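First up is the structure itself, then whatever we jot down about it.
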2 protein chains.
Amino acid sequence: MTQSVPRSERASTPRSVDVARLAGVSQKTVSRVFNDEPYVSADVRRRVMAAADELGYRLNSAARALASGRTRSVGVVTLGTALYGPASLLMGIERAVRDAGYALRVVNTLEGDPAGVTGAVESLLDQGVDGIVISEPIDEGAVAVQVDVPVIVLGASPSFVAPRAVTAGVGADLLARVATEHLLDLGHETVHHLAGPQRWFAARDRLDGWRAALAARGRREPAVVEGDWSAASGYAAGRQLAADPGVTAVFAANDDMAIGLIRALAEAGRGVPEEVSVVGFDDIPVAAFVTPPLTTVRQPFDAVAQEGLRLLVHAIEKPEQDLPPANDPPVELVVRASTAQPRSRTIPGRDR
Amino acid sequence: MTQSVPRSERASTPRSVDVARLAGVSQKTVSRVFNDEPYVSADVRRRVMAAADELGYRLNSAARALASGRTRSVGVVTLGTALYGPASLLMGIERAVRDAGYALRVVNTLEGDPAGVTGAVESLLDQGVDGIVISEPIDEGAVAVQVDVPVIVLGASPSFVAPRAVTAGVGADLLARVATEHLLDLGHETVHHLAGPQRWFAARDRLDGWRAALAARGRREPAVVEGDWSAASGYAAGRQLAADPGVTAVFAANDDMAIGLIRALAEAGRGVPEEVSVVGFDDIPVAAFVTPPLTTVRQPFDAVAQEGLRLLVHAIEKPEQDLPPANDPPVELVVRASTAQPRSRTIPGRDR
DNA sequence: ATGAAAGCGCTAACAG
DNA sequence: CTGTTAGCGCTTTCAT
């Protein structure tokens with residue numbers, strides 16, 4: 001006999017057949033109702049829903065995925081840091097994914113992880129996602145996997161390559177350009193740059209924007225100082241920059257570094273903004289409340305996430321169509337008290 | 001004829017039968033190899049792996065989940081904020097989940113979301129997770145769903161109820177107690193508290209710890225000022241507290257609020273730490289670099305996540321066994337420059 | 001507008 | 001140590 005109680009208890013959770021039986025319809029009809037398919041009379045739909053409710057029925061996503069070949073989920077590869085930028089983007093992605101009707105699976109790549117992005121993507125593929133978001137990646141060369149689902153890279157330069165991959169930009173270069181121009185507009189001869197780690201695309205973009213702004217006005221390009229995003233590295237850079245009297249304006253690639261920088265400057269007796277102006281990047285929550293309140297650039301994380309997801313979902317659901325045009329997210333410079341005109345400008349008769 | 005080409009192209013991805021055929025074994029053996037089951041000869045294992053490699057075979061997780069009844073994934077419900085604390089915890093959870101061999105699915109509950117935690121849990125259940133982590137929840141009353149998988153609540157007081165739910169504590173009350181005692185030890189008569197929003201368990205725990213510390217020494221308990229975690233709310237609270245000359249020490253429930261508070265105090269001419277000592281909570285990355293460097297309490301996010309996951313995995317994999325004892329994560333007070341002895345103590349010919 | 005039948009690719013249970 | 005058989009609960013395809 002094979003009629004015996006199969007697997008475990010069997011008294012378990014209800015399946016669609018149970019609902020069908022109770023509603024007096026076929027199992028397929030239950031499926032139709034739960035998938036919002038057409039050709040189900042309002043009455044039947046109601047009866048099915050009632051039966052499902054009574055039983056506490058829940059669609060089995062594994063069975064659904066197996067039968068349909070789609071998991072209705074997207075995976076995101078993140079850097080695994082609580083840094084304000086990446087964390088904000090992740091939250092934006094979660095929201096956008098959910099709004100699009102997908103579930104979200106997350107895999108981090110720890111810095112220094114040998115498997116890196118490739119390993120993370122692989123793990124997502126094992127899980128069977130319908131699409132992949134790579135958030136703020138660092139440069140590790142191309143991803144060495146055969147990826148057969150659409151991939152979108154958020155916040156990387158378009159040079160990031162992968163099959164079926166598109167890029168949706170934070171446009172950090174533009175933002176960096178705006179920050180640099182603000183300093184130039186105030187009258188500074190040139191602007192120094194406290195860059196992020198150059199393995200990060202996000203850091204490189206900011207460097208590019210800074211460079212472009214200087215070049216556009218024919219200004220001298222000072223040597224770049226590189227930090228690691230941390231306030232501590234900003235502090236170290238600040239000690240170095242404080243020693244150079246030619247430094248009157250610094251654009252830091254993120255707010256944490258800017259804060260460390262300002263502290264080092266202050267300790268060295270070079271007040272901000274009296275002697276040196278500083279612009280940060282991100283507009284972290286405390287930026288308006290540190291001393292001095294930080295002029296910074298705000299990134300539109302939610303907009304970037306939404307935009308990226310729009311493209312990804314399009315690629316998933318309409319594979320044969322071309323991608324819709326990308327919309328550029330808004331740019332915002334928040335001017336506070338850490339930037340001012342250079343001294344030589346405010347007190348004309350030479351420097352003070 | 002049913003022999004015609006079924007579903008789509010069929011030239012698609014390889015399945016375990018394909019691997020089996022190529023390796024000259026049965027399909028079940030392939031399954032054995034991929035599940036690291038015993039009783040497979042080294043030779044067969046090698047052949048199977050080689051065949052899988054050649055074909056680019058990947059286990060189909062949906063089929064596996066359907067057949068086994070387990071998804072090998074855990075879901076996490078988070079608050080959807082980039083605040084340092086919650087974001088750090090999330091990263092810790094991701095790591096712990098992956099280390100435990102599970103995949104991670106994430107659902108946020110936006111503050112003010114009508115569906116709330118219940119909706120988030122529901123969505124995780126729809127996705128078919130094996131276990132659920134609820135991270136740093138806010139109080140919405142009990143979760144109104146029939147949950148048939150283990151649930152662990154991170155950073156909530158044990159009063160949070162749900163079927164099969166256990167709590168792994170951040171032990172924020174203990175940490176808050178340490179912070180308060182530090183201030184008392186410095187000689188302050190009492191300590192004011194700038195609390196977080198009381199709907200958050202995390203905020204309540206800190207309040208409790210503060211209260212306990214005062215009570216233990218028989219100190220007067222000043223009125224609590226409540227903020228919303230933001231530096232802006234800390235600033236507002238600071239303006240209020242600055243007006244009260246009796247305030248010589250404040251314990252803020254997080255660093256952001258502490259920073260806003262310090263700014264307001266400074267603007268009101270009440271220097272930190274000369275006139276007022278301030279302790280924060282979290283040790284955010286910039287805490288050491290703001291002015292003055294912030295004395296704060298560091299939460300062991302990774303340890304909490306690991307500990308929580310250990311319990312959850314135990315509950316998933318050995319449902320009939322009792323939970324192992326919980327290990328209390330380490331406590332750390334980071335003393336920097338925002339705290340000092342009160343003036344009245346340092347000036348008179350008394351102490352020192 | 002509804003139903004019947006046939007898998008989706010894998011693991012479980014039991015033989016050998 | 002290895003293979004056989006029977007589903008897991010749903011969607012697909014094709015009838016009706």
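Just so it is clear, the structure is predicted and the values come from calculations on it, not from any experiment. A, B, ... follow the sequence lines: proteins, then strands. Residue 1 opens every chain.
Going from atom CG of Leu55(A) over to atom CG of Asp18(A) covers 6.0 Å, rounded to the nearest 0.5 Å.
Atom CD of Glu37(B) is separated from atom P of dG3(D) by 13 Å (rounded to the nearest Å). Atom CZ of Arg15(A) and atom C1' of dG9(D) are 7 Å apart (whole Å). dG9(D) atom P lies 17 Å from atom CG of Asn35(A), rounded to whole Å. The distance between atom CZ of Phe34(B) and atom P of dC10(C), rounded to the nearest whole Å, is 9 Å. Counting to the nearest Å, the P atom of dG9(C) and the CZ atom of Arg70(B) are 23 Å from each other. The distance from atom CZ of Arg21(A) to atom P of dG3(C) is 14 Å, rounded to the nearest whole Å. The separation between Leu66(B) atom CG and dC10(C) atom P is 12 Å, rounded to whole Å.
Residue Thr29(B) is the one, among Ala63(B) and Thr29(B), whose nearest nucleotide of DNA chain D lies closer to the 5' end (criterion: closest heavy atom).
Of all the residues in residues 42-56 of chain B, Val44(B) reach under 4.0 Å from DNA chain D with at least one non-hydrogen atom.
With distances taken from any side-chain atom of Leu59(A) to the nucleotides dT11(C), dC10(D), dC10(C), the minimum falls on dC10(D). You'll find that the side chain of Tyr39(A) is closest to dT2(C), out of dC1(D), dT11(C), dT2(C). Each of dG3(D), dG9(D), dT11(C) was ranked by its minimum atom distance to the side chain of Ala67(A); first place goes to dG9(D). In the set dA1(C), dT12(D), dG9(D), the nucleotide with an atom closest to the side chain of Lys28(A) is dT12(D).
A close approach under 4.0 Å does not occur between any side-chain nitrogen or oxygen of Ser31(B) and OP1 or OP2 of dC10(C). The side chain of Arg64(B) places no N or O atom within less than 4.0 Å of a non-bridging phosphate oxygen (OP1 or OP2) of dC10(C). Contact between the side-chain N/O atoms of Ser26(A) and the OP1/OP2 oxygens of dT2(C) is not found at any separation under 4.0 Å. In this structure, Ser41(A) reaches the dT2(C) phosphate: one of its side-chain N or O atoms is under 4.0 Å from OP1 or OP2. At dC8(D), none of the side-chain N or O atoms of Asn60(A) fall inside 4.0 Å of OP1 or OP2 (strictly under the cut-off).
Remark: Asp322(B) CG is loosely packed, at most 12 non-hydrogen atoms of other residues, nucleotides or ligands lying under 6.0 Å away.
Of all heavy-atom pairs between Leu312(A) and Ile132(A), the closest is CD1-O, 3.9 Å. Minimum interatomic distance between Val74(A) and Val129(A) (heavy atoms only, all atoms of both residues): C-CG1, 4.1 Å.
Judged by distance alone, with hydrogens and angles left aside, the side-chain atoms of Gln27(A) form no donor-acceptor pair with the main-chain N or O of Ala20(A) at under 3.5 Å. Not one N or O on the side chain of His314(B) forms a donor-acceptor pair closer than 3.5 Å with the backbone of Leu309(B).
Between Arg58(A) and Asp126(B) there is a salt bridge, since a side-chain N of the basic residue sits under 4.0 Å from a carboxylate O of the acidic one. Using a cut-off of 4.0 Å between Lys/Arg side-chain N and Asp/Glu carboxylate O, Asp36(B) and Arg45(B) are scored as salt-bridged.
At the heavy-atom level, Tyr57(A) lies under 4.0 Å from the strands shown only through sugar-phosphate atoms.
For Arg32(A) against dG3(C), a side-chain N or O and a base N or O form a donor-acceptor pair under 3.5 Å.
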